[in-house]
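One structure is given here, and the rest of the page talks about it.
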Amino acid sequence: NAGVTQTPKFQVLKTGQSMTLQCAQDMNHEYMSWYRQDPGMGLRLIHYSVGAGITDQGEVPNGYNVSRSTTEDFPLRLLSAAPSQTSVYFCASSYRGGTSEQYFGPGTRLTVT
Amino acid sequence: ELKVEQNPLFLSMQEGKNYTIYCNYSTTSDRLYWYRQDPGKSLESLFVLLSNGAVKQEGRLMASLDTKARLSTLHITAAVHDLSATYFCAVDMWGREGGTASKLTFGTGTRLQVTL
């Protein structure tokens, strides 16, 4: 199994550009989520999904959209990038919520100039 | 709003010594996770604690959860250099706000440096 994969690994955007961060998992996990990690801070939840077709907002959802059309994929879209979105983004998945270990992807380092 | 505080934020310790990292949280929860992160890397799951009094051990690390005190500890026994990393605790509000989703709130991390 590849586990949780994310692309790209690095990305530089100009303010106002849009892009999609890709996340895929091959473990047939129901639950997937996106976090951002800023320097000196822990991770903060952006959006999550408990299954295909079901998504909800986390702690810091503004400026991001998600959709989940398949169990495997959970892309994160930045609608109009802002310098405040410069961060490292991690995707995670687990078999289900509450009792299952979460597996994190390798991360995408995003810089918005 | 759930707040998760870790202390210390930075810990420099000698090889062979013991130490404890503390994770306090502000709202009732009986699910807590510990992760390790190496510089520039992703998070690696260390422990999943799912009930009051849970204790788990792996090698030189032992984690415990006291839900009444809203406190988890990560104890390091006879530290070795390979344990140098940043350690995060994360509190799960699963079941507390309805739904079936895990919503993790992370502490700010404890950067551990083990010196020779």
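In what follows, every chain begins at residue 1, and chains take the letters A, B, ... in the order their sequences are listed. Any value given below was found using the heavy atoms of this structure, including those in side chains, with hydrogens, waters and symmetry copies removed. Because the structure is predicted, anything quoted here is derived from the model rather than measured.
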Which atoms of A/Tyr103 approach chain B - backbone, side chain, both or neither, heavy atom under 4.5 Å = neither

ask   = So which part of B/Gln37 gets closer than 4.5 Å to some heavy atom of chain A, the side chain, the backbone, both or neither?
value = side chain

ask   = Given A/Tyr48 and B/Lys103, is the side chain to side chain contact (heavy atoms under 4.5 Å, CB included) satisfied, shown in steps?
value = CA-CA 8 Å; A/Tyr48 62 92; B/Lys103 298 180 189 178; 2.9 Å; yes

key: Side chain / backbone / both / neither for B/Phe47 at chain A, heavy atoms under 4.5 Å   = neither

message = Working to the nearest 0.5 angstrom, can you tell me the gap between A/Glu59 CD and B/Glu1 CD?
response = 6.5 Å

ask   = Just wondering, more than 12 heavy atoms not from B/Arg36 lying within 6.0 Å of its CZ?
value = yes

message = Check this for me: B/Arg111, atom CZ, are more than 12 non-hydrogen atoms of other residues, nucleotides or ligands nearer than 6.0 Å?
response = no

request  = Give the minimum heavy-atom separation between B/Ser45 and A/Gln102, together with the two atoms involved.
outcome  = CB-O, 4.3 Å

query = Honestly curious: do A/Tyr89 and A/Leu43 fall in one hydrophobic cluster under the side-chain, below-4.5 Å linking rule?
reply = no

task = Give a yes or no on whether A/Met19 atom CE has more than 12 heavy-atom contacts from other residues, nucleotides or ligands under 6.0 Å away.
result = yes

query = Shared ILVMFWY cluster between A/Val88 and A/Ile46, side chains joined below 4.5 angstrom?
reply = no

message = Same cluster or not: B/Tyr87 versus B/Met13, using hydrophobic residues (I, L, V, M, F, W, Y) connected whenever any side-chain heavy atoms lie under 4.5 Å apart?
response = yes

query = Under a 4.5 Å heavy-atom cutoff, which of A/Gly105, A/Gly107, A/Ser49 has the most pairs with chain B?
reply = A/Gly105

For B/Ser42 against A/Phe104, the heavy-atom pair lying closest together = OG-CB, 3.3 Å

query = B/Leu104 and A/Leu45: which non-hydrogen atoms are nearest, and at how many Å?
reply = O-CB, 4.4 Å

inquiry  = Looking at B/Gln57, I'd like to know if its CD atom is crowded, meaning that more than 12 non-hydrogen atoms belonging to other residues, nucleotides or ligands lie closer than 6.0 Å.
reply    = yes

